[in-house]
Number of protein chains: 2
Amino acid sequence: MLKRLSKYIKKINIKRKTTIKDIANVLNISPAAVSKALHDDSRISEKTKKAVKQVAKNLNYHPNHLASALRKGKSNLVGIIAPRTNSHFFSSVVQSMEEVLNKKGYNIIMTHSNESYKKECDNIDTLLYTQVDGIIASMANETIDLNYYNKIKTKGIPLILFDRGENDLNVDYIGIDDYKSSGIIVQHLVEQGCKRIAHIGGYKHTRIFNNRIRGYMDALKTYHLPLEPELLLEGSLTIKDGRAKMQQLLELKNRPDAIYVASDYAALGALQVLKENNIRVPQDIALVGFGNEPFTSMVTPSITSINQHSEEIGKLAAQTFLEHMKAPVIKQSLNKKILEAELIVRDSSRIKN
Amino acid sequence: MLKRLSKYIKKINIKRKTTIKDIANVLNISPAAVSKALHDDSRISEKTKKAVKQVAKNLNYHPNHLASALRKGKSNLVGIIAPRTNSHFFSSVVQSMEEVLNKKGYNIIMTHSNESYKKECDNIDTLLYTQVDGIIASMANETIDLNYYNKIKTKGIPLILFDRGENDLNVDYIGIDDYKSSGIIVQHLVEQGCKRIAHIGGYKHTRIFNNRIRGYMDALKTYHLPLEPELLLEGSLTIKDGRAKMQQLLELKNRPDAIYVASDYAALGALQVLKENNIRVPQDIALVGFGNEPFTSMVTPSITSINQHSEEIGKLAAQTFLEHMKAPVIKQSLNKKILEAELIVRDSSRIKN
DNA sequence: TAGTGATGCTTAATCGTTTAAGCAAAACAT
DNA sequence: ATGTTTTGCTTAAACGATTAAGCATCACTA
């Protein structure tokens with residue numbers, strides 16, 4: 001009874017999708033011929049190809065991606081791991097990756113770690129489970145243990161890192177020149193007449209933040225400015241952290257006259273505190289952020305920041321992946337592409353003479 | 001020659017992943033038994049199950065998702081289409097969907113239409129190609145033609161809309177009560193003493209914006225306020241559009257004393273123009289936005305806005321999808337879930353008495 | 001006119017997993 | 001002791017596409 005019912009239900013529900021077999025039946029040729037015709041195989045006559053394509057259209061045929069992926073051992077999916085999606089930088093990077101990859105027939109599976117190492121590991125498992133052909137990732141701030149990323153490499157699929165990468169991991173990397181960016185910022189502040197430049201930075205164990213710190217310190221030396229420990233702070237660079245670090249700096253006997261913050265979010269927090277304390281920006285203290293998030297131009301005063309060329313980073317990362325797909329054999333030379341960043345000067349550091 | 005080389009290369013490269021067949025060989029049982037053991041089939045002895053799972057672990061076995069999806073006709077993937085990813089609302093909705101769906105073994109494929117109808121169609125094709133089990137979508141502003149969405153329905157997979165949905169399309173929908181939200185806003189402004197309330201709204205053909213407009217108009221009637229055509233403007237609700245519409249309102253002989261903007265982004269643009277014209281907010285003109293984007297609390301003055309319960313929307317949409325998966329037979333009753341929104345009062349409309 | 005090559009298909013195996021159907025052997029009932 | 005059920009597996013056929021190998025047929029060459 002129940003069995004018969006379930007069979008009946010099946011019969012109702014199953015609008016069988018058309019397969020190459022259906023097309024083959026219509027034209028009285030083999031499924032193999034259909035498959036080849038659809039892929040423009042040279043061993044199929046033009047006449048047959050046309051007929052096949054016409055019938056395919058008529059029957060509303062759509063290839064079953066799962067079947068071909070299984071057979072070919074290739075899913076045409078690319079996994080992406082980003083720390084956050086709500087940051088303009090990351091969503092812009094991803095958008096430009098998508099454009100490049102879609103053109104080449106790849107689709108994207110997006111995941112975000114939300115800056116958590118555990119979530120990052122979950123994401124990697126998910127992506128490997130889904131049989132992606134490769135992974136493009138930017139690491140969470142707290143990620144130090146790289147075992148999980150090695151898991152990707154042992155699977156034999158390409159891994160490309162962007163922005164937040166580790167040099168220990170022997171993989172391709174795309175990012176901007178953080179060291180140099182710090183130099184540009186310090187130079188700009190010096191030109192505005194600043195003499196005591198503080199830095200609210202990220203944690204040293206993340207390479208990009210370490211590079212920004214090194215760049216800051218070396219630039220201070222270049223301009224013979226004081227490099228005082230109390231002016232160099234490390235933190236998580238959230239808005240909240242920016243507020244806390246700014247409070248800390250304001251409590252100093254000898255206050256800085258400029259602050260370079262390694263993230264726009266923390267810079268915003270710092271700006272809030274400055275305004276709450278009626279400190280004029282930039283006249284009393286100049287402020288520079290990092291990342292060129294859209295809100296930097298929305299707040300008052302608008303915040304000077306570093307443009308990270310997100311579109312370019314996304315494009316290059318996607319292209320690097322595509323190169324891997326072309327040459328499946330292990331390539332010796334690694335791609336480490338470092339772009340030059342650009343300073344966008346706004347009101348928060350434009351000191352009128 | 002070339003052939004032998006290619007075979008050689010294959011031999012080098014192929015680290016064959018372990019399959020159930022490998023496990024079967026080790027234990028001298030059939031692959032079918034292994035499959036059942038891994039799925040805790042009742043017809044397999046506990047002893048065998050344990051052995052299978054142990055060997056699976058030892059051989060680092062990971063099920064091939066493509067194969068099982070093909071066989072079962074189910075990919076365990078859910079497609080998501082959002083107009084934008086850089087808005088806090090959408091990324092928050094998606095994040096909460098992901099949480100619910102991951103728990104039930106589903107993975108997400110994210111796409112964004114970037115408010116373009118063409119891109120939206122592409123996304124639908126992509127998702128159908130990837131054999132997703134269902135689609136959860138929010139429509140682009142410019143989407144009017146619904147043929148592409150019908151394509152999803154004819155495929156026989158569930159479609160759930162959120163936030164931006166059309167009632168013509170006979171599908172499940174999750175959103176907030178836009179009509180009522182307008183009422184709450186107008187009431188709040190009246191309580192602050194405002195007498196001429198303008199509305200910078202979205203295009204009427206998008207249902208949610210139409211509802212906000214209707215709510216605005218009906219609320220004005222309720223409070224016996226003037227409903228003047230020059231105070232009701234339609235637009236794309238970008239920052240730029242907000243600026244333009246604000247300029248337009250300032251040129252009126254009889255200026256409004258409050259502005260309700262149907263999007264935080266446009267509200268921000270309006271705020272910029274107000275500040276540029278040295279108009280005090282809220283004393284001269286009060287301002288209310290919509291969406292509770294994080295920047296509303298960051299700018300000066302902070303902007304009063306409507307919280308759309310993004311987490312709840314995401315959760316409900318995901319749960320609705322899961323219900324479809326449980327009961328594959330056509331359900332009669334549609335789920336239309338309308339949540340109540342919440343007004344977050346901030347400085348831009350807090351008029352000191 | 002036999003031999004060679006190109007052309008245009010077909011056959012059948014394969015990717016890894018699931019599942020309906022079947023079949024021994026053990027367990028239990030009568 | 002015989003029949004029935006349950007247990008615990010195996011067999012084999014799918015899912016839909018791809019592809020190596022094979023086989024006619026025809027054209028052309030020497």
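In what follows, chains carry the letters A, B, and so on, assigned in the order in which the sequence lines appear, proteins first and then strands, with residues in each chain numbered from 1.
- For the segment residues 66-75 of chain A, residues with any heavy atom less than 4.0 angstrom from an atom of DNA chain C are, sorted by number, A:L70, A:R71.
- A straight line from NE2 of A:H39 to P of D:dG16 spans 16 Å, rounded to a whole angstrom.
- Salt bridge present: A:K151 and A:D125 bring a charged side-chain N and a carboxylate O closer than 4.0 Å.
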Criterion salt bridge (charged side-chain N to carboxylate O under 4.0 Å, His left out) on B:K326 and B:E323, from CA distance to verdict: CA-CA 5 Å; B:K326 266 190 215 158; B:E323 274 166 35; over 6 Å; no
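- Note: NZ (B:K21) to C1' (C:dA13) measures 11 Å, nearest angstrom.
- Note: CZ (A:R43) to P (D:dA24) measures 15 Å, nearest angstrom.
- A straight line from CD of A:Q131 to P of D:dA17 spans 19 Å, rounded to a whole angstrom.
- The phosphate of D:dG8 has neither OP1 nor OP2 within less than 4.0 Å of any side-chain N or O from B:T48.
- Taking side-chain N and O atoms only, B:S45 has a distance below 4.0 Å to OP1 or OP2 of D:dC9.
- In this structure, B:D41 places its CG atom 11 Å from C1' of D:dC9, rounding to the nearest Å.
- Using a cutoff of 4.0 Å between basic side-chain nitrogens and carboxylate oxygens, A:E115 and A:R164 are scored as salt-bridged.
- B:N102 and B:K104 form no side-chain donor-acceptor contact under 3.5 Å, judged by distance and modelled atom types alone.
- Atom-to-atom, NZ of B:K36 to C1' of C:dT17 comes out at 12 Å; the value is rounded to the nearest Å.
- Among D:dT10, D:dC9, C:dG8, the nucleotide with an atom closest to any side-chain atom of B:S30 is D:dT10.
- In this structure, the nucleotide among D:dT19, C:dT10, D:dT11 sitting nearest to the side chain of A:S35 is D:dT19.
- Straight-line distance from the CG atom of B:N64 to the P atom of D:dA17: 17 Å, rounded to whole Å.
- Side chain of A:S75 to main chain of A:Q131: a donor-acceptor pair is present (N/O by atom type, distance under 3.5 Å, no hydrogens or angles).
- Nearest nucleotide to the side chain of A:T19, out of D:dT19, C:dT18, D:dA17: D:dA17.
- Residue A:H65 contributes atom NE2, which lies 14 Å from atom C1' of C:dC15 at whole-angstrom precision.
- Residues B:K72 and B:D133 are not paired through a salt bridge, judged by the lack of any N-O separation under 4.0 Å between the basic side chain and the carboxylate.
- Taking the six-membered ring for Trp and thresholds of 30 and 60 degrees, B:H65 and A:Y129 have ring planes inclined between 30 and 60 degrees apart.
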